[in-house]
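Below is one structure; the comments refer to it alone.
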Amino acid sequence: MSKFQAGEWVLLTSQKGKKWLVKIEDASYSSHLGGIKLGDIVGMEEGDRLETTKGAKLLLFRPTLEDFLFNMKRYTQIIYPKDLSAMVFHGDVYPGCTVIETGIGSGALAITLLRAMCGRGRLISIEKRLEFAQGARDNISRYFGGNPENHTIIVADIQDVAIDCQADRIFVDLPEPWHAVANFSRMLRMGGLLVSLSPNVGQVQLMYRELKANGFGNIINFELIRRDWKVDQMRARPFDRMVAHTGFITIAKRVAAPGAAEEPAEESTEGVDLEDSAEEL
Ligand SMILES: C[S@@+](CC[C@H](N)C(=O)[O-])C[C@H]1O[C@@H](n2cnc3c(N)ncnc32)[C@H](O)[C@@H]1O
């Protein structure tokens with residue numbers, strides 16, 4: 001792996017796992033563990049240790065996407081990595097696809113989508129608040145070192161937007177997504193996927209009704225719960241605390257005609273309770 005150069009982002013990690021994201025420049029950086037000269041990192045490699053003025057040893061890494069998202073400036077609540085990864089995988093994002101996203105918030109989902117798209121295809125983000133659009137743009141620019149050419153941000157209310165394109169994928173992180181479903185239906189190609197994140201289950205049910213009424217089928221809903229474990233020489237047990245709930249993920253496909261997916265038998269069996277699945281067998 002190449003050596004660190006001036007201008008790069010570096011993740012400093014203490015022995016206890018505390019992390020700081022810094023840019024290599026001609027300046028000093030200090031924390032409760034002591035100071036370092038950032039310029040000293042130039043020429044070092046990932047996994048190397050740099051000693052602070054107080055004798056602490058900091059490990060040096062290039063930040064992962066997760067490191068960047070947790071350290072970037074937040075203007076809104078962001079989607080957590082466990083949900084981002086599932087949304088991008090189950091939403092089947094691929095290089096070259098056309099994606100619409102709303103709202104952009106702090107840009108966590110936009111950055112994740114753009115990275116999965118590998119500079120190909122097109123991402124259109126629709127956000128109604130200018131200050132969030134600008135903040136997200138700053139975060140995106142910091143991550144990619146400039147604004148990706150395949151990304152456009154439209155500042156507008158999603159309910160007023162009519163984009164003349166047939167997107168392959170639509171990603172939704174809105175407080176009231178059901179109001180925009182008719183519009184999503186017009187902007188998504190047949191067979192295209194809509195992926196929506198909702199913190200409250202009431203939102204999920206309102207969304208379901210609108211999806212059914214606007215030509216969507218194969219609707220699945222799920223929640224992911226991550227429980228971290230504390231493992232060392234003496235212990236192997238779950239941590240006492242966890243992020244118990246973040247949101248519900250809804251995935252739906254655009255189908256041939258509004259109403260065509262109204263037969264319950266057409267629903268995916270994924271995520272259906274065991275009793276129902278057992279009857280299918
Ligand atoms: C929770 S934040 C999105 C966070 C984003 N997914 C991320 O990971 O950083 C929700 C965003 O939706 C925007 N929003 C709410 N209603 C909207 C609407 N009708 N049209 C467009 N954007 C809207 C809000 O301004 C806010 O920025």
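What's counted below: heavy atoms across the whole structure, side chains too, no hydrogens, waters or symmetry copies. Each ligand, and each atom within it, is numbered from 1 in the order the structure gives. Just so you know, these numbers come straight off a predicted model, no measurement behind them.
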[atom]: which protein heavy atom is closest, and how many Å away?
atom: atom 22 (N) of ligand 1; result: K128 N, 3.2 Å
atom: atom 25 (O) of ligand 1; result: E127 OE2, 2.6 Å
atom: atom 19 (N) of ligand 1; result: D157 OD1, 3.0 Å
atom: atom 14 (N) of ligand 1; result: L174 CD2, 3.7 Å

Quiz prompt | Sub-4.0 Å heavy-atom contact, L197 with ligand 1 | solution = no

Quiz item: Does at least one non-hydrogen atom of A136 fall below 4.0 angstrom from an atom of ligand 1?
Solution: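 Under 4.0 Å: no for A136.
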
Self-check item: E101, any N or O under 3.5 Å of ligand 1 N or O
Solution: no

Shortest non-hydrogen contact from [X] to [Y]?
X: G47; Y: L59; value: O-CD2, 3.4 Å
X: G91; Y: V195; value: CA-CG2, 3.6 Å
X: F216; Y: V255; value: C-CG2, 3.9 Å

Self-check item: Residues which pass side-chain hydrogen bond (donor to acceptor under 3.5 Å, both in side chains) with D92, listed by chain and number, not counting sequence neighbours
Solution: R169

Exercise. Not counting sequence neighbours, which residues clear side-chain hydrogen bond (donor to acceptor under 3.5 Å, both in side chains) with Q134? List them please.
Key: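 Counting only residues at least two positions away or on another chain, Q134 forms no side-chain hydrogen bond (donor to acceptor under 3.5 Å, both in side chains).
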
Exercise. Compare I158, L69, T76 and give the one whose heavy atom is closest to atom 20 (N) of ligand 1.
Key: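 Minimum heavy-atom distance to atom 20 (N) of ligand 1 goes to I158.
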
Self-check item: Shortest heavy-atom approach to atom 12 (O) of ligand 1 - which of G103, S106, G105, A108
Solution: G103

Practice problem: Taking the six-membered ring of F4 (Phe, Tyr or Trp), confirm whether the NZ or CZ of R62 is under 6.0 Å from its centre and within 45° of its axis. | Solution: yes

